[in-house]
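Hydrogens, waters and symmetry mates play no part in the numbers below; they use all other heavy atoms, side chains included. Along the sequence shown, the residues carry numbers beginning at 1. Note that the coordinates shown come from a computational prediction; the quantities given were computed from them, not determined experimentally.
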Amino acid sequence: MFKLMELEWRKLKQKMVMGEIIIYAGILMFMPIFFIKMVSADFGQSYATIIQLILAIQMGWVLFGASLINQVVIDEYKNKTFSLSFGYPISRKKLIIAKVLFISLAVFLCTLVSFLLSGIVTYLLDHLFHIINGQPTVVDITSYASKMIIHSFFITLISLIPLFFFGIWKRATIPTVICAMFLMQFQNFSSLLNINLNSDLVNAGLCLLGAVSIFLSIKMVDRVGDV
């Protein structure tokens with residue numbers, strides 16, 4: 001399985017993907033402080049509030065997941081390389097599992113590192129310019145560390161929601177990206193519509209949809225995977 005995942009990486013345009021990762025990480029690193037200064041100073045009331053802001057901002061990696069779905073799944077269908085893969089002495093389900101694991105690992109690791117960099121950069125900029133009230137407590141640090149891991153897992157599952165319907169079934173590039181953008185901003189849309197939603201329940205529901213998408217992708221690939 002590891003060799004199949006390694007093969008997925010080799011088939012990608014690696015320089016383009018690495019450039020994309022650097023751009024995402026660079027933007028998301030400085031976004032919390034920029035948001036406080038330019039949009040809403042309310043998030044600078046304490047480190048507890050800035051943590052909530054960072055959690056929302058890191059949802060941007062859902063879009064990276066959509067990019068990988070486009071490259072690892074949809075492009076291979078369109079270029080007919082997926083159909084050639086189906087001729088290998090490997091089951092289609094195993095090929096899809098390798099692709100899912102590759103996308104999941106890439107999104108999870110990128111999100112985790114991004115969380116870490118965002119936290120460090122936010123603290124250093126606050127130390128220099130005194131943007132956030134107070135100092136981070138031990139509780140803030142431990143809370144951030146745990147949420148960093150949990151939300152990286154959440155974001156990974158959420159990023160795979162478009163996989164089955166738009167990736168394997170419809171093989172539609174633009175709708176995959178639009179779906180990811182909607183998922184990124186889902187809670188913001190609800191607030192604009194004055195709908196109060198519990199963020200934990202929303203994340204749990206979206207993670208469930210991601211798990212269902214993964215299950216259907218693996219279960220149905222023999223039926224909808226033909227080109």
Please name the pair of heavy atoms, one in [X] and one in [Y], separated by the smallest distance, quoted to 0.1 Å.
X	Y	value
D126	G134	OD2-O, 4.3 Å
K93	K219	CE-O, 4.1 Å
I74	R171	CG2-O, 3.7 Å
C207	L157	CB-CD1, 3.8 Å
A106	L68	CB-CD1, 3.7 Å
F64	Y24	N-OH, 3.6 Å

Side chains of [X] and [Y]: does their closest heavy-atom pair fall under 4.5 Å?
X	Y	result
I54	P32	yes
I21	V17	yes
S159	F108	no
T142	V138	yes
I158	M59	yes

Output the distance between atom [atom1] ([X]) and atom [atom2] ([Y]), rounded to the nearest 0.5 Å.
X	Y	atom1	atom2	answer
K99	E76	NZ	CD	3.5 Å
M184	Q58	CE	CD	11.0 Å
L12	L7	CG	CG	10.0 Å
L55	I50	CG	CD1	10.5 Å
D140	I51	CG	CD1	5.0 Å

Backbone N or O of [Y] within a donor-acceptor pair of the [X] side chain at under 3.5 Å?
X	Y	result
T122	G119	no
Y77	G167	no
S114	L28	no

Verify the neighbour count for atom [atom1] of [X]: are there more than 12 heavy atoms of other residues, nucleotides or ligands below 6.0 Å?
X	atom1	value
F35	CZ	yes
I174	CD1	no
M1	CE	yes

Going hydrophobic residue to hydrophobic residue with side-chain gaps under 4.5 angstrom, can you get from I27 over to M29?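 Yes; M29 is reachable from I27 via cluster members.
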Are F30 and I120 connected in the hydrophobic side-chain network, where two residues link if heavy atoms are under 4.5 Å apart? yes
What class does the angle between the rings of W9 and F102 fall in, given that below 30° is parallel, 30 to 60° is tilted and above 60° is perpendicular? tilted
Salt bridge check: are K3 and E6 linked by an N-O gap of less than 4.0 Å? no
Show me, pair by pair, the donor-acceptor contacts under 3.5 angstrom made by side chains of residues 210-218, not counting sequence neighbours?
residue	atom	partner	partner atom	Å
S213	OG	L160	O	2.9
S213	OG	I161	O	3.1
S213	OG	F164	N	3.1
S217	OG	S213	O	2.7

For T176 and K170, which I'm curious about, is there any donor-acceptor pair between the side chains at under 3.5 Å? no
Here's a test for you: under side chain to side chain contact (heavy atoms under 4.5 Å, CB included), which of F43, Y47, Y123 qualifies with I132? Y47
